[in-house]
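FYI, side chains are in, hydrogens and waters are out, and symmetry mates aren't considered; it's all heavy atoms of this structure.
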Amino acid sequence: MAQVRGRDEVTDTQKANYDGEYASNVTLRGDFLILVETVLAVLARRGVHDGK
């Protein structure tokens with residue numbers, strides 16, 4: 001989930017918390033929403049810092 005919740009803008013601890021949240025709540029619907037949010041984040045280049 002970190003890829004749609006800030007990517008380069010969140011700390012490693014926050015990324016680990018997102019991973020734990022995801023692992024505790026795995027659903028097909030949730031995976032689909034993450035996929036859609038990921039595509040939108042990539043297209044908008046949201047949360048990416050050049051050079052990182």
Problem set entry | Partner residues of Thr27 under the side-chain contact (heavy atoms from CB on, under 4.5 Å) criterion, sequence neighbours left out | Arg29

For this session: Quickly, which of Ile34, Leu40, Val36 forms a side-chain contact (heavy atoms from CB on, under 4.5 Å) with Thr38? Name it, please.
Result: Ile34

Exercise. Taking only residues at least two apart or on different chains, which pairs with a member in residues 16-25 satisfy side chain to side chain donor-acceptor pair (under 3.5 Å)?
Worked result: Tyr22-Asp31

Problem set entry | Apart from Leu28 itself, residues in the same hydrophobic cluster as defined by side-chain heavy atoms under 4.5 Å | none

